[in-house]
Protein chains: 2
Amino acid sequence: MSIKYAILGLLSWRPSTGYDLKKIFEESSIMYWSGNNNQIYKTLIQLLDDGLATNEVLHQESTPSKKLYTITSKGAKALKEWVLSTPELPEFKKTFLVQLAWADQLDEKELDDLLSRYENEINIQLLMQQEKARRGINSPKRTTREAYLWDMISENIISSYKNELDWIRNVRKEMKI
Amino acid sequence: MSIKYAILGLLSWRPSTGYDLKKIFEESSIMYWSGNNNQIYKTLIQLLDDGLATNEVLHQESTPSKKLYTITSKGAKALKEWVLSTPELPEFKKTFLVQLAWADQLDEKELDDLLSRYENEINIQLLMQQEKARRGINSPKRTTREAYLWDMISENIISSYKNELDWIRNVRKEMKI
DNA sequence: CAAACCATGTAAGCTGTTACATGATTTC
DNA sequence: GAAATCATGTAACAGCTTACATGGTTTG
């Protein structure tokens with residue numbers, strides 16, 4: 001899957017500019033793209049070309065004019081089709097595991113130091129995710145069911161970090177025996 | 001991180017040909033690259049150019065000749081440096097969560113069907129990982145500590161799928177209330 | 001006799017990243 | 001007066017994927 005449907009989804013929530021989308025990608029955990037201009041503005045043009053969105057130029061005083069993109073009925077249809085399509089498998093890209101695979105060359109201290117740095121990083125991420133969930137503003141809550149779905153999404157991410165943290169703590173604990 | 005250090009790591013285990021590496025990538029869960037020729041053969045040439053590996057052409061009767069790559073001391077040093085470097089954060093790329101985010105437009109049956117398909121896929125993956133771990137052959141066991149590290153790596157992957165499975169089951173359960 | 005395996009390589013293309021470019025306005 | 005925000009866009013390049021190309025050998 002490319003960023004296309006992620007953007008289409010956001011537009012199905014509310015009309016947005018490229019700049020709006022960029023900010024959402026930057027702070028979103030599930031929409032894992034970096035939110036770089038290149039991809040966003042190009043994809044928006046592609047959505048226009050494919051008739052999945054329209055745009056409207058808004059001239060403003062004192063701030064630069066912006067292009068507000070709105071999903072079309074064709075776009076909404078394409079989104080629904082995609083939502084119904086067979087889910088892709090999650091991808092766990094854990095470079096740290098590749099590092100660990102060749103870590104037997106380290107001495108005890110070096111290895112524990114490496115493990116401890118990873119534990120720390122994961123812990124920070126977990127706290128950040130929990131803080132995000134606690135504030136939990138930027139999510140659509142058009143129905144109770146939608147609110148529930150977004151809660152579950154947030155919980156999924158938190159549980160992934162918790163799982164990782166449990167794992168690394170256990171590795172360190174058993175390492176010391 | 002690119003595939004470079006993953007290959008360097010494998011070469012630190014034992015000298016290999018591009019074809020050997022390809023097969024390892026194909027069946028490996030932690031080394032998440034697809035194992036396509038393009039990347040592997042190009043990276044091997046790059047390792048040669050950088051003096052991190054050497055190769056030796058082995059002419060064989062009846063099968064095509066092959067190039068056996070061996071890590072150099074410079075390569076081993078570069079690998080150790082990388083292993084000691086600050087770990088990257090894990091990346092969880094779960095397209096399914098993006099799908100779920102816009103799934104409130106589905107009716108009850110469609111949504112449960114979607115969830116159930118995901119549960120199934122995850123379950124299959126979990127069983128495959130457990131089977132791989134049970135067979136557990138293709139891993140270096142040069143010391144007991146190395147064997148332990150590889151066990152922990154395998155457990156990490158399994159726990160990730162278990163966590164995902166628990167999550168999706170819980171979502172489905174609470175959905176029905 | 002077809003399919004899979006051994007073995008190396010190239011071409012084309014998609015996805016994604018960082019950095020560059022511009023310029024007004026608001027906040028510190 | 002510097003830095004951040006609003007706002008759109010381009011250039012260059014890294015990383016990765018699928019498919020193509022070749023050709024002998026082994027297995028079913």
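Small disclaimer: the values here were computed from a predicted structure and weren't measured. Numbered from 1 within each chain, the chains take letters A, B, ... in sequence-line order.
Two residues, B:Lys22 and B:Lys42, neighbour DNA chain C, and the one matched to the more 5' nucleotide by heavy-atom proximity is B:Lys22. Each of A:Lys93 and A:Ser65 was matched to the nucleotide of DNA chain D holding its nearest heavy atom; the match closer to the 5' end belongs to A:Ser65. Along DNA chain C, the nucleotide nearest B:Asp20 and the nucleotide nearest B:Ile45 are compared for position; the residue whose nucleotide lies closer to the 5' end is B:Asp20.
Atom CD of B:Gln46 is separated from atom P of D:dC13 by 16 Å (rounded to the nearest Å). Protein atom OH of B:Tyr19 is 18 Å distant from nucleotide atom P of D:dG23, rounded to whole Å. The distance between atom CE of B:Met31 and atom P of D:dC16, rounded to the nearest whole Å, is 14 Å. Atom C1' of nucleotide D:dA11 and atom CD of A:Gln39 are separated by 15 Å, given to the nearest angstrom. Per the geometry, NZ belonging to A:Lys66 stands 16 Å off P belonging to C:dT25, to the nearest Å. Atoms CG (B:Leu44) and C1' (C:dG9) sit 12 Å apart, rounded to a whole Å. Across the protein-nucleic acid pair, B:Leu48 atom CG and C:dG9 atom P stand 10 Å apart, rounded to whole Å. Counting to the nearest Å, the P atom of D:dA7 and the NZ atom of A:Lys23 are 7 Å from each other.
OP1 or OP2 of D:dG9 has not a single side-chain nitrogen or oxygen of A:Tyr41 nearer than 4.0 Å. In this structure, A:Ser34 reaches the C:dT17 phosphate: one of its side-chain N or O atoms is under 4.0 Å from OP1 or OP2. Between B:Thr17 and C:dT8, a side-chain N or O to OP1/OP2 separation shorter than 4.0 Å is present. A sub-4.0 Å separation between OP1 or OP2 of D:dG9 and a side-chain N or O of A:Lys67 is present.
Remark: the A:Asn38 side chain and the C:dT17 base include a donor-acceptor N/O pair separated by less than 3.5 Å. Below the 3.5 angstrom threshold, one finds no donor paired with an acceptor across the side chain of A:Asn36 and the base of C:dG16.
Remark: A:Lys23 does not engage A:Glu26 in a salt bridge, criterion side-chain N to carboxylate O under 4.0 Å.
Under the 3.5 Å distance criterion, with hydrogens and angles disregarded, a donor-acceptor pair is assigned to the side chains of A:Arg117 and B:Thr86. For the 3.5 Å distance criterion, the side chains of A:Asn163 and A:Ser160 fail to qualify, holding no donor opposite an acceptor. Between A:Tyr118 and A:Glu164, the side chains place a donor N or O and an acceptor N or O closer than 3.5 Å (distance only, hydrogens not considered). Side-chain contact of B:Tyr32 with A:Thr95: a donor-acceptor pair under 3.5 Å is present, judged by distance alone.
Which of C:dG16, C:dC20, C:dG9 sits closest to the side chain of A:Asn37 comes down to C:dC20. In the set D:dC16, D:dT8, C:dA7, the nucleotide with an atom closest to the side chain of B:Gln60 is C:dA7.
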